[in-house]
Amino acid sequence: MNPKRALPLMLGWLLLALLALAGPAQAQQESSGGEPPAYSTLADLLENEQTRQELIDQLRGMAGDVAESAPAEEAAAEPSLPRQLAQVTSRVAGDVGAQFDAIASAIGGMFASDLESTFDTAAFMTAAINLGLVILATLALFVLFRRLARPLFTGISQWSLNGSGLTPILRLVICVALAAAVDVLVVAFAYLGGNLIATFAIGETGELSTRASLFLNAFLVIELLKAGVRMLFASRYEGLRLLPIGSDEASYWNRWIARLIGLVGYGLMVVVPLVNAYVSPAVGQGLGTLIMIGAFLYAVVVVLRNRKRLRDAINAKASQATMAASRVSLQLFARTWHLFALAYFVMVLVLTLTRPADALPYVLFATLKTIAAVVVGLLASSFLTQTIGRRIRLSDDLRRKLPLLEPRLNSYVPNALRVIRTVIVVLVVMLVLNAWGAFDLAAWYASEAGRGLVGKLVSVAMILAIAVMVWLALASLIEHKLNPETGGGVPSARAQTLLSLFRNALAIALITMTAMIVLAEIGINIGPLIAGAGVLGLAIGFGAQKLVQDIITGIFIQVENAMNTGDVVTVGGVTGTAEKLSIRSVGIRDLSGTYHVVPFSSVDTVSNYMREFGNHVGEYGIAYRENIDEAIEQLKVAFEDLKASDEHGLKLLAPLDVAGVIALADSSVNIRVIIKTTPGDQWAVGRAYNRLVKLRFDEAGIEIPFPHTTLYFGQDKAGSAPPANLRVMQQDFTIDGSPAGQPKSGKQITDDRYTPNKSRKTTSTGSGQQISNPEHEKPSGDDVDEPDEP
């Protein structure tokens, strides 16, 4: 960002912070000023009756004047926003200017007077040397202890990266906690060693000077803060880094934040108190202001320099996010993170200028609470992602028993994880606002509205969780019953149909009940909803009588087990396989592949071909000249062949039932047989038996009659038949005059102009001759040829 563009932005943040934070401080100072009222004088006035009456009269007279001047005073007491901003800015600028004036006056007074008489140079040099020795000794001990603890840090980091038995996030948290404990012990040992050296080795033995105490206390606080920063970044140990960033990035931000903490901490906790004690409080206060301004400028420069760098890193993390809300939030934060950073440093500067006494502890604790809330939120989200965010894999045995449980869990858990992450984000935001005083979380939760909202959210979450668990349990139980491997064998068609319908009805009932309970829990009166649903159901019942009839008929059909999925049925005039059964209709696939949906209201009769057994009823005709007993024997032989078949033998349930001769038809004697088969196999068995009957009849020479046409030429009154006019066709004849390929007895005339596209008509004559002529025309002239007599 261009510094010229950032300057107005920082000025705006500065003015807003001044208005928000300096106003209450000013009001508190003004309210605390003034002298206490003279209560004893007022009591003396009230004891005297004459003075008391005079006081009452004066008060009554002043009441009117106060009432008239009240609007003007209220208007004057509530200045406008620009006026408040101008007042606060002027006051802060005046305080800063007064500090610099005091610094200049103090320094000028020191040099104007006799410096030897006001400043003990020898004592100052001795104190400086002693303090320097304490600082060197403490820092040397700290570096030594850190080097001794380095192998321990390395081992913990390696276990965090390559350990087993725990999820990676749990290992990371445990290792970071162990490393932090070691780091705190290192700081504590260095602090203790510095105290011992300052007490017994430097200066007066047995006494800890104030200067050494200031440094050691500052060292303890600052190094503990740096230890917390090392928990986040850990530039040297990848396995101890809480933030998911690279080593170079971690090293850069660790160094920058450590410098900033050291500059502000040692400056305000060591240098300023020493200047106050040895030079002047005014100089110390001004020096503290200069330190904060310098730290502010340093932070602003670093933020603006790394604006694009950090934006690209956050965008890279956003591209890896699985939730759309997280991705959008990260992309928005990538564009505005520098604004939040500038606002933070502006607020710290304003607090330091307006509330110098408690600014540093307030900012320190608020910052630590913010970092803790954000880090804990990130760790909780990462823990959930690593434990339940991955694809759930069930055992092979459980997958075999409940094949749909794993896909169902993998569809529910990601949605639940999104909800939990949203709750975590809301909690982190509330904790951050509470840390900076923008939102009182404890007071909100103690209020009736806060407790009610939290209680309702927890209740709704519990209701939804219980509903999901109930659905998972019941649906898994139904799947267990329907599974042939685990439910006691292959379930019957009726069991499949009823359990499927029960599962659908259970889902509808569970969703309805859960929705009603949730609405009642969040405070919505469901009484009118239930009454409205009843009225609506009554209206639908009157307006959709056909639908009601469909449902009622479907219920009784299912209860009576009239048909099930996979049965071959005749329903509503449609014959086919029942593929789908619902509470309202049945889907049937007929032999041609057409799918029919038949509502139950149009079903009068259900013809089911799949109950207990099936019969193939076969009727076979033989010629009148054939022996009936011989034909029945061949039918039995064909049944024995069928019984010996590997494909159809197991489908036969009873011996062949020969009903006998059922009809003496026009051209055949019909014999009926009945074959009892397993349900649904009667058609396949019948087809196979028909084939075997044809083969057996052909082998035995038993004629299966077929339709014949007799051609009658007529007869005159004398009793002689008219001549038959025949057309002679061109053929190849043998030496004896008969057509080639025909026997000598009987003469057969064929038309070689026959084509397959024309119908062929065969006639029989009394002499045994057959005429095949596709186109009969009346012959004339030379077309008639008299055949020779035999």
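Any value given below was found using the heavy atoms of this structure, including those in side chains, with hydrogens, waters and symmetry copies removed. All figures in this text were calculated on a predicted structure; none of them were measured in a lab.
Under the 4.5 Å side-chain criterion, counting only non-hydrogen atoms from C-beta, Thr138 is not in contact with Phe142. Taking the side chain as every heavy atom from C-beta outward, Ile135 and Phe219 never approach each other to under 4.5 Å. Two residues are said to be in side-chain contact when any heavy atoms from C-beta on lie closer than 4.5 Å; Tyr298 and Val264 fail this criterion. Contact check for Glu249 versus Arg309: side-chain heavy atoms found under the 4.5 Å cut-off. Residues Ile197 and Leu141 form a side-chain contact, since some pair of their non-hydrogen atoms from C-beta on lies under 4.5 Å apart. The shortest side-chain heavy-atom distance between Met269 and Leu214 does not fall under the 4.5 Å cut-off. The closest side-chain heavy-atom distance from Leu131 to Leu274 is below 4.5 Å. With a 4.5 Å cut-off on side-chain heavy atoms, Thr367 and Tyr344 count as touching.
Here the CG-OG distance, from Leu152 to Ser157, works out to 11.5 Å after rounding to the nearest 0.5 Å. Taken from CG in Leu427 to CG in Leu431, the straight-line distance is 6.5 Å, to the nearest 0.5 Å. Note that NZ of Lys308 is 4.0 Å distant from CG of Asp312, once rounded to the nearest 0.5 Å. Within the model, atoms CZ of Phe333 and CG of Asn315 stand 11.5 Å from one another, a figure rounded to the nearest 0.5 Å. Taking CZ of Arg147 as the start and CG of Leu144 as the end, the distance is 9.0 Å to the nearest 0.5 Å. The CD atom of Glu238 sits 9.5 Å away from atom CD of Gln158, with the distance rounded to the nearest 0.5 Å.
A donor-acceptor pair under 3.5 Å links the side-chain atoms of Asn195 to the main chain of Tyr191, judged by distance alone. For the pair Ser160 (side chain) and Ile156 (backbone), a donor-acceptor distance under 3.5 Å is absent. A donor-acceptor contact shorter than 3.5 Å is absent between the side chain of Ser381 and the backbone of Gly377. With Asp183 contributing its side chain and Ala179 its backbone, the two residues share no donor-acceptor pair below 3.5 Å. Side-chain N or O atoms of Asn254 include none that pairs as donor or acceptor with a backbone N or O of Phe233 at under 3.5 Å.
Considering all non-hydrogen atoms of both residues, Leu263 and Ile291 come closest at O-CG2, 4.0 Å. The two residues Ala250 and Arg241 make their nearest non-hydrogen contact at CB-NE, 3.6 Å. For the residue pair Val432 and Ala373, the shortest heavy atom distance occurs at CG2-CB, 4.4 Å. Closest non-hydrogen pair, Arg311 versus Ala334, comes out as CG-O, 3.1 Å. For Gly262 against Ile222, the heavy-atom pair with the smallest separation is CA-CG2, 4.4 Å. Of all heavy-atom pairs between Leu240 and Val176, the closest is O-CG2, 3.6 Å.
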Pair Gln331-Arg335, side chain to side chain contact (heavy atoms under 4.5 Å, CB included): steps then yes or no: CA-CA 7 Å; Gln331 290 175 352; Arg335 293 178 175 272; 5.9 Å; no
Residue pair Val348, Met292: steps toward the side chain to side chain contact (heavy atoms under 4.5 Å, CB included) verdict: CA-CA 9 Å; Val348 172; Met292 291 305 301; 3.8 Å; yes
Test log, rule side chain to side chain contact (heavy atoms under 4.5 Å, CB included), inputs Arg230 and Tyr237: CA-CA 10 Å; Arg230 286 191 290 270; Tyr237 309 101; over 6 Å; no
From CA spacing to verdict: side chain to side chain contact (heavy atoms under 4.5 Å, CB included), Leu225, Leu368: CA-CA 9 Å; Leu225 292 177; Leu368 292 177; 3.9 Å; yes
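Evaluated for a side chain to side chain contact (heavy atoms under 4.5 Å, CB included) with Val374, the options Val376, Ile371, Leu378 yield exactly one hit, Leu378. Checking each of Asp248, Asn306, Val229, Leu232 against Trp253 for a side chain to side chain contact (heavy atoms under 4.5 Å, CB included) leaves exactly one that passes, namely Asn306.
Using bins of under 30°, 30° to 60° and over 60° for the plane-to-plane angle, the ring pair Trp256/Phe345 lands in the perpendicular bin. Note: Tyr266 and Phe215 have parallel aromatic rings, judged against thresholds of 30 and 60 degrees for the angle between ring planes. The aromatic rings of Phe145 and Phe189 stand perpendicular to each other, their planes meeting at an angle above 60°, with 30° marking the opposite boundary.
With no hydrogens or angles considered, a side-chain donor-acceptor pair links Ser251 and Arg255 at under 3.5 Å.
Within a 6.0 Å radius of OH in Tyr445, no more than 12 heavy atoms belonging to other residues, nucleotides or ligands are found.
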